[in-house]
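Below, read A as the first sequence line, B as the second, and so on, with proteins coming before strands; counting in each chain starts at 1.
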Amino acid sequence: MVHLTADEKAAVTALWGKVNVDEVGGEALGRLLVVYPWTQRFFDSFGDLSSPDAVMGNAKVKAHGKKVLNSFSDGLKNLDNLKGTFAKLSELHCDKLHVDPENFKLLGNVLVCVLAHHFGKQFTPQGQGAFQKVVAGVANALAHKYH
Amino acid sequence: MLSAQERARVAQVWDLIAGHEASFGAELLLRLFTVYPSTKSYFKHLGFCPDETQLLTHGQRMLEAVGVAVQHMDNLRAALSPLADLHAQVLRVDPSNFPLLIQCFQVVLASHLQGEFTVEMQAAWDKFLTGVAVVLTEKYR
């Protein structure tokens, strides 16, 4: 469970309302694959990931990023029950996808950087604090069903 | 090891920070303390709510050290040796805290540089700062 103060919840809701979820997803996933290239290990079928431009322009990366972020968006509507919200996805990532949960933390951090990149000065320390709590909560929820 | 292109990107970003070490450093520390309150345990001398002057002073010191690292990317170990000694013998900051500082550094860069903060720059800076952290904790044991 993520414990956000009323102010933090308001900050998260306000900022998220201005986010183009479809675009930000692709950007966050793309940046993850470029900044931490070992994460490409999960995306052999995605085609050309040979350069930053190739990654950021890759249609499959964009599509998958959109999917991931829409899921994340669902989490934001259920901050009181992240474990329940992400239970099935957690099982999937463990049993079928075999993704080290460390990757969820990496993606969460990259997502925060993308938000800072988009919002500039509006992305205050308090806003960052609230979002880091949320991404940590989502990462924990996604790791919860691992065995 | 940083490639020539990565070093160029690190230097490019540094040009945008140089001259603003105090304000960047202060914001870096403010974000670190706000987002990861446990990191304040290493800054008892600044108190629970460091004021702007303290943040600016300490922030400047930290960013100036980053500047030294930028000037000596080809020989970080030698250039940062005194700081590595300090961290090993006196400060003893748990290594798990460096990624937290690096995350906040990336956020400061991203929010200030916005459009100029390309993915290539983010990658180069992450690699560079991680290298600095490795050197600073290398003498721990």
ask   = By number, which residues in residues 137-147 of chain A have some heavy atom less than 4.5 Å away from chain B?
value = none
inquiry  = So for A:Phe131, is it side chain, backbone, both, or neither that comes closer than 4.5 Å to the heavy atoms of chain B?
reply    = neither
query = Do other residues, nucleotides or ligands put more than 12 heavy atoms under 6.0 Å from the CD atom of A:Glu91?
reply = yes
remark   = So, the part of A:Gln132 with a heavy atom under 4.5 Å from chain B: the answer is side chain
inquiry  = I'd like to verify something: which residue of A:Gln122, A:Lys121, A:Lys133 has the highest number of heavy-atom pairs under 4.5 Å with chain B?
reply    = A:Lys121
ask   = Do A:Phe119 and A:Val110 share a hydrophobic cluster, counting only Ile, Leu, Val, Met, Phe, Trp and Tyr and linking them when any side-chain heavy atoms are less than 4.5 Å apart?
value = yes
task = Spell out, yes or no, whether A:Leu82 and A:Val112 are grouped together once hydrophobic residues are joined by side-chain heavy atoms under 4.5 Å, including indirect joins.
result = yes
message = At under 4.5 Å between heavy atoms, what parts of residues 108-141 of chain B are in contact with chain A? List them by residue number.
response = B:Ala110, B:Ser111, B:His112, B:Gln114, B:Gly115, B:Phe117, B:Thr118, B:Val119, B:Glu120, B:Gln122, B:Ala123, B:Asp126
message = Looking at every non-hydrogen atom in both residues, tell me the closest pair between A:Pro125 and B:Leu30 and how far apart they are.
response = CG-CD2, 4.0 Å
note = Ranking A:Ala116, A:Gly129, A:Pro52 by heavy-atom pairs under 4.5 Å to chain B gives rank one to A:Ala116
request  = Look at the side-chain heavy atoms of Ile, Leu, Val, Met, Phe, Trp and Tyr, link any pair under 4.5 Å apart, and say whether A:Tyr36 and B:Leu100 land in one connected group.
outcome  = no
query = Given a strict heavy-atom distance threshold of 4.5 Å, which part of B:Phe33 is in contact with chain A: side chain, backbone, both, or neither?
reply = neither
ask   = Taking atom OG1 of B:Thr34 and atom CD of A:Gln126, what is their separation to the nearest 0.5 Å?
value = 5.5 Å
note = In terms of heavy-atom contacts, A:Phe123 and B:Arg31 come closest through O-NH2, 2.6 Å
Choice from A:Cys113, A:Pro37, A:Gly30, A:Ala130 maximising heavy atom contacts with chain B below 4.5 Å = A:Cys113
Shared hydrophobic cluster, B:Met1 / B:Leu76 (ILVMFWY, side-chain heavy atoms < 4.5 Å) = no
ask   = Under a 4.5 Å heavy-atom cutoff, which of A:Val55, A:Leu115, A:Asp53, A:Val34 has the most pairs with chain B?
value = A:Val34
key: Distance-minimising heavy-atom pair for A:Asn109 and B:Gln103   = O-NE2, 3.0 Å
query = Quick one: do A:Leu107 and B:Ile102 end up in the same hydrophobic cluster if we chain Ile, Leu, Val, Met, Phe, Trp and Tyr together by side-chain heavy atoms under 4.5 Å apart?
reply = no
